[in-house]
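Report on the following structure.
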Amino acid sequence: MTAHESPHQELHARHRAVLPDWLALYYDRPLELTHGEGRHVQDAEGNRYLDFFGGILTTMTAHALPEVGKAVSEQAGRILHTSTLYLNRPMVELAERIAALSGIPDARVFFTTSGTEANDTALLLATAYRGSRQVLAMRNSYHGRSFSTVALTGNRSWSPTSLSPFQTLYAHGGVRTRGPFAHLDDAAFTAACVADLEDLLGQTRGDVAALIAEPVQGVGGFTSPPDGLYAAFREVLQRHGILWISDEVQTGWGRTGDHFWGWQAHDTAGPPDIVTFAKGIGNGMSVGGVIARAEVMNSLDAGSISTFGGSPVTMAAAGANLAYLLEHDLQGNARRVGGLLLERLRSAAAGLGVVREVRGRGLMIGVELVLPGTDDPSPRAASLVLEAARRDGVLVGKGGGHATASVLRIAPPLSLTVAEAEHGADVLGRALRTAETELGGKATP
């Protein structure tokens, strides 16, 4: 550290010197978060923030939740690691609970360390089961950073290579208010997307393995189709024997409020063939996984293990976290407090030309920003809001499609209180007005 550098500046310089250039950091002056409690975090300089992003939707219940901390400490005091080569009571117990919650008959559960790895596994299962490398994905989607999941990601900002182990076919429907069908009402929109899917399948040769879809697109800016679209898709898929993989890495565990799983909003005749999960289940611990009916899960004709998936410590943490979430009805809290937050944000955005749309359900809310007076996505507006909100003590995320991070992503821990929701909405309202002024817009009365 030079004589003129602060400890913060020195750490930032060390980060840039040793870590990849493509490893993104938020803010002009990046934060070092050192403490957390409840819905708040604190940085290395002692500043306290209301956390409206939860480490990318990963702190599901609360920071420093005592029940999770106790479970981790007690398990760590017994044994830290064994691997899947040995019987693991915490893993079996958590798998039993998740299988029951999945709604999938005769479900099997395989644990991983991340959502990327969970989606990797789901794709391995589907392609092996169907004997095909053709996979359907949604436009504007994101499924992870590995070679296989990048090959399916329909979002240019997060697709660093065009090389692929799959033949990927992209369907319409993940974004309701943009694209060629945006002008249609919900019923006509769904019918058009189904017709497009039928036409797409008519262009393929041989069997398609699976459709992988996020019920609510996370990195894509919290966009979603009309309820029922994936049910309509499923009817088409079943006629062709194609599996449905629901990527619940961000929507799982009650975050949308109305449902425990995002796929349930589509009122299908039954659950997906495969469900993937991660992020919130471990409340910050590295836990992901795949749920599939036994016929699909057991279709691999070679053995496998997971060195770190199903670790006794992470399983103990996830078990305690899931129990807390269910016992305290955090799904219901997401519905109630999330509905209030959505209403407050829509009120704050009314009359602002910089805001194109406020959307979402539960505690998964997106605010799409544009250059005032246009329909053009504005990453600059998103950056302005992030900085202004941070100065006022609130942290939010951002995302979006078409290579633009122009959507605010708001996803606090599910224990968010009414008072915290109202305070956060007030701060974001001021930040939005700041961006409006900076970009030369003029709020309408």
Side-chain angles (χ1 to χ4, degrees), residues 54 56-62 65 67-68 93-112 115 118-119 122 212-218 222 224-231 234 244-285 287-293 315 317-339 341-342 360-365 410-416:
I56 320 179
L57 293 85
T58 300
T59 304
M60 174 66 79
T61 48
L65 188 69
E67 289 81 352
V68 172
E93 290 173 347
L94 183 60
E96 289 172 338
R97 193 157 203 185
I98 289 173
L101 288 166
S102 74
I104 296 175
D106 195 20
R108 299 292 189 270
V109 182
F110 177 76
F111 289 105
T112 68
N119 285 333
I212 184 169
E214 306 156 273
V216 179
Q217 294 184 330
F222 290 173
S224 60
D227 289 355
L229 180 130
Y230 290 121
R234 184 117 198 249
W244 173 27
I245 303 169
S246 186
D247 178 345
E248 302 272 355
V249 168
Q250 298 195 30
T251 49
W253 320 112
R255 177 163 289 281
T256 64
D258 292 329
H259 304 284
F260 192 75
W261 300 105
W263 66 262
Q264 292 171 313
H266 296 273
D267 192 27
T268 66
D273 300 289
I274 303 174
V275 171
T276 62
F277 62 87
K279 291 193 181 290
I281 181 64
N283 202 45
M285 299 294 281
V287 183
V290 183
I291 319 162
R293 52 190 169 91
M315 294 295 95
N321 190 56
L322 180 57
Y324 185 93
L325 185 150
L326 294 170
E327 290 165 8
H328 292 80
D329 188 24
L330 295 193
Q331 177 184 330
N333 193 65
R335 181 179 64 254
R336 294 184 295 272
V337 180
L341 179 57
L342 186 64
R361 62 199 324 162
L363 285 171
M364 195 172 188
I365 298 171
I410 298 164
L414 301 191
S415 56
L416 187 74

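Residues: numbered from 1 along the sequence shown. Computed from heavy atoms alone, side chains included, the values below leave out hydrogens, waters and symmetry copies.
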Q. Would a 4.5 Å heavy-atom cut-off, applied to side chains only, mark Asn321 and Leu65 as touching?
A. yes

(Q) Does any part of the side chain of Lys279, heavy atoms only, come nearer than 4.5 Å to the side chain of Ile56, both counted from C-beta? (A) yes

Q) Rounded to the nearest 0.5 Å, how far does CG of Leu322 lie from CD1 of Ile98? A) 6.5 Å

Q | Name of the residue among Val109, Val275, Ile291 meeting side-chain contact (heavy atoms from CB on, under 4.5 Å) with Ser102 | A | Ile291

Q: Measure the OG1-CZ distance between Thr251 and Phe222 for me, rounded to the nearest 0.5 Å.
A: 10.0 Å

Q) If you look at every heavy atom in Ile274 and Ala292, which pair is closest and at what distance? A) CG1-CB, 4.0 Å

Q.
So does Thr61 get a backbone contact from the side chain of Ser415, meaning a donor-acceptor N/O pair under 3.5 Å?
A. yes

Q. Would you call Met315 and Val287 a side-chain contact if the rule is heavy atoms closer than 4.5 Å?
A. yes

Q | Gap separating the CD1 atom of Ile365 from the OG1 atom of Thr256, nearest 0.5 angstrom | A | 12.0 Å

Q. Heavy-atom count around Asp329 CG within 6.0 Å, excluding the residue itself: above 12?
A. yes

Q: For the pair Gln250 (side chain) and Leu57 (backbone), establish whether a donor and an acceptor sit closer than 3.5 Å, ignoring hydrogens and angles.
A: no

Q) Hey, is the main chain of Gln264 close enough, under 3.5 Å, to the side chain of Asp258 for a donor-acceptor pair? A) no

Q | Mutual orientation of the aromatic rings belonging to Trp261 and Trp253 [parallel < 30°, tilted 30-60°, perpendicular > 60°] | A | tilted

Q: Check whether any side-chain N or O of Asn333 sits under 3.5 Å from a backbone N or O of Leu416 as a donor-acceptor pair, and report yes or no.
A: yes

Q) Hey, is the main chain of Asp273 close enough, under 3.5 Å, to the side chain of Arg293 for a donor-acceptor pair? A) no

(Q) Donor-acceptor check, side chain of Arg255 to backbone of Met60, threshold 3.5 angstrom: yes or no? (A) no

Q. Between Asn283 and Ala62, is there a donor-acceptor pair closer than 3.5 Å when you use the side chain of the first and the backbone of the second?
A. yes

Q | Test item: Gln331 side-chain N/O and Gly257 main-chain N/O as donor-acceptor pair under 3.5 Å | A | yes

Q: To the nearest 0.5 Å, tell me how far Ser246 OG sits from His266 NE2.
A: 8.0 Å

Q: Evaluate whether atom CG of Leu326 has more than 12 neighbouring non-hydrogen atoms of other residues, nucleotides or ligands under 6.0 angstrom away.
A: yes

Q. Any donor and acceptor pair, going by atom type alone, linking the side chain of Arg361 with main-chain N or O of His259 inside 3.5 Å?
A. no

